[in-house]
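A quick write-up on the structure given underneath.
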Amino acid sequence: MPNLSHWKNILLFGLFILFQSCGKKVVNTPVESVALSDTIMAKDTSVIVEKKPEVVEEQPVVEEPKVATEDLNFNYLKAKSKVLWKTNSNSDTYTVDIRMKKDSIIWMNISVSMITGATGLFSKDRVQFFHKINNEYFNLTYDSLSTKMGFKINYEILQSLIVGNQPFKKNNSRVIRENENYILKQDEGRIQIDNYVGPNRKLKKLLVNDGPTENKLTLDYEDFAAINQFLFPFSSQITLDVKDKDNKLVKTLISIKYSKVELLDSPLEFPFKVPAKYLNK
């Protein structure tokens with residue numbers, strides 16, 4: 001049986017690259033540009049001759065609201081997917097069931113060959129993860145999890161990544177037109193983020209670069225189909241290009257294909273049971 005800890009490690013490492021930028025914010029204070037005229041005072045006279053400032057032609061700026069992404073709107077979400085985890089030396093396949101209550105709960109059940117291996121529950125204020133095969137239980141706040149991993153995570157960003165919404169919402173993104181797509185460029189401290197928005201106004205690609213380490217994460221969304229009049233990406237692929245402790249580049253591919261996605265109004269159950277011996281520790 002494949003080792004499910006691989007899935008956990010890759011998931012957490014992917015989050016590390018994405019969210020470590022939130023730990024340190026770089027705030028650029030806007031500098032007001034003032035046009036000063038050159039004033040010349042003639043000797044023994046009150047006549048002032050002013051030199052008019054040169055007129056600088058302003059470059060057209062694309063306003064972000066015109067290319068804002070269209071978020072998936074839902075009350076409850078239920079999905080089933082196949083996840084392929086692949087490196088140069090290993091390849092594993094998992095079945096991942098997901099249930100969500102918008103802005104409240106994310107539930108995941110990870111199984112191999114119909115046998116449940118791990119269950120995760122993400123609420124607004126904490127993360128619980130029970131690894132049944134390895135008999136490991138984690139119960140952490142997002143603050144404590146962020147401290148352990150050296151970066152900041154929150155519920156809202158996790159939810160956005162799963163449903164294909166733009167994870168970092170900012171009003172000062174730089175916008176570039178590239179063929180039929182728009183690229184919303186953002187800076188989060190040492191991290192550079194490129195959001196590729198397609199003609200359908202959905203996030204098509206997310207590119208994250210950590211400048212100092214040159215680590216990269218690429219998330220591609222594909223196979224968009226309409227569910228309740230909203231577009232959902234039924235396929236996605238995460239590519240991690242990361243240097244290990246020996247400074248060697250390690251490439252990891254995580255492919256996700258959804259076989260079923262439902263957007264519901266009726267409440268869902270989020271079963272999460274942990275043996276008492278773990279709760280009493």
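Excluded from the calculations below are hydrogen atoms, water molecules and symmetry mates; all remaining heavy atoms, backbone and side chain alike, are included. Only a predicted model underlies this, so the values are computations on that prediction, with no experimental measurement involved.
Sorted by first and then second residue, the salt bridge (Lys or Arg N to Asp or Glu O under 4.0 Å) pairs involving residues 104-117 (not counting sequence neighbours) form an empty list. Identified under the salt bridge (Lys or Arg N to Asp or Glu O under 4.0 Å) test for residues 105-126, with sequence neighbours left out: Lys124-Glu156. Within the structure, salt bridge (Lys or Arg N to Asp or Glu O under 4.0 Å) pairs that include any residue of residues 104-120 do not occur (at least two apart or interchain). Among residue pairs with one or both ends in residues 252-275, those qualifying as ring pair (Phe, Tyr, Trp, His ring centres under 6.0 Å) are Phe232-Tyr258; sequence neighbours excluded.
Nearest heavy atoms, Tyr155 versus Lys101: OH-O, 3.3 Å. Residues Thr252 and Trp85 share a closest heavy-atom pair of CG2-NE1, 3.7 Å. Heavy-atom minimum distance, Pro167 versus Ser160: CA-CB, 3.8 Å. What you find for Pro233 and Gly164 is that their closest heavy atoms are CG-CA, 4.4 Å. Leu77 and Val163 make their closest contact through CD1-CG1, 4.0 Å (heavy atoms, listed as atom of the first residue, atom of the second, distance). Across all their heavy atoms, Thr218 and Leu207 have their closest contact at OG1-CD1, 3.2 Å.
Legend: residues meeting salt bridge (Lys or Arg N to Asp or Glu O under 4.0 Å) with Asp223, ordered by chain and number and at least two apart, are absent. Remark: Lys82 pairs with no residue by the salt bridge (Lys or Arg N to Asp or Glu O under 4.0 Å) rule, at least two apart or across chains. Checked against side chain to side chain donor-acceptor pair (under 3.5 Å), Asn181 has no partners two or more places apart in sequence or in another chain. Residues passing the side chain to side chain donor-acceptor pair (under 3.5 Å) test with Asn75 are Asp265, sequence neighbours excluded. For Lys251, the salt bridge (Lys or Arg N to Asp or Glu O under 4.0 Å) partners two or more places apart in sequence, or in a different chain, are Asp241. For Gln128, the side chain to side chain donor-acceptor pair (under 3.5 Å) criterion is met by Tyr137, not counting sequence neighbours. Scanning for side chain to side chain donor-acceptor pair (under 3.5 Å) contacts around Glu70 gives an empty result, with sequence neighbours left out.
In terms of hydrophobic clustering, with Ile, Leu, Val, Met, Phe, Trp and Tyr side chains grouped at heavy-atom distances under 4.5 Å, Leu253 and Leu219 are assigned to different clusters. Both Ile227 and Leu203 sit in one connected hydrophobic cluster of ILVMFWY residues. Membership requires side-chain heavy atoms under 4.5 Å apart, directly or through other members. Both Leu158 and Ile238 belong to a single network of hydrophobic side chains, linked directly or stepwise wherever heavy atoms of I, L, V, M, F, W or Y lie under 4.5 Å apart. Following chains of ILVMFWY side-chain contacts shorter than 4.5 Å, one can reach Phe168 starting from Tyr142, so the two form part of one hydrophobic cluster. Using a 4.5 Å cut-off between side-chain heavy atoms of Ile, Leu, Val, Met, Phe, Trp and Tyr, with links allowed through other members, Tyr196 and Val175 fall into different hydrophobic clusters.
Side-chain atoms of Gln166 do not come within 3.5 Å of backbone N or O of Asn195 as any donor-acceptor pair. Without hydrogens or angle criteria, Ser81 side chain to Val96 main chain gives a donor-acceptor distance under 3.5 Å.
At least one side-chain heavy atom of Pro267 sits less than 4.5 Å from a side-chain heavy atom of Tyr76. The shortest distance between side-chain heavy atoms of Leu263 and Leu72 falls below 4.5 Å. Counting heavy atoms from C-beta on, the side chains of Lys78 and Lys260 never come closer than 4.5 Å.
For the atom pair CZ of Phe234 and OG of Ser259, the computed distance is 9.0 Å after rounding to the nearest 0.5 Å. One finds the CG atom of Leu206 at 8.5 Å from the CG atom of Asp194 (value rounded to the nearest 0.5 Å). To the nearest 0.5 Å, the span separating NZ on Lys205 from CG on Asp220 amounts to 5.0 Å. Taken to the nearest 0.5 Å, the CD atom of Glu222 stands 9.0 Å off from the NZ atom of Lys204. With values rounded to the nearest 0.5 angstrom, Tyr94 atom OH is found 9.5 Å from Leu84 atom CG. Summarising the geometry, atom NZ belonging to Lys86 is positioned 6.0 Å from atom OG belonging to Ser91; distances are rounded to the nearest 0.5 Å.
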Donor-acceptor pairs are to be reported for all side-chain atoms of residues 102-110 against protein atoms at under 3.5 Å, with residues two or more places apart or in another chain.
residue	atom	partner	partner atom	Å
Lys102	NZ	Asn73	OD1	2.8
Asp103	OD1	Gln159	NE2	2.9
Trp107	NE1	Pro271	O	2.6
Asn109	OD1	Thr119	OG1	3.1
Asn109	ND2	Thr116	OG1	3.4

### Message
Between Phe224 and Lys202, is the side-chain contact (heavy atoms from CB on, under 4.5 Å) condition met? List the steps.
### Response
CA-CA 9 Å; Phe224 289 89; Lys202 295 296 294 184; 3.7 Å; yes
### Task
Quick one: do Arg174 and Asp187 satisfy side-chain contact (heavy atoms from CB on, under 4.5 Å)? Show the steps, please.
CA-CA 10 Å; Arg174 303 183 306 280; Asp187 293 319; 3.2 Å; yes
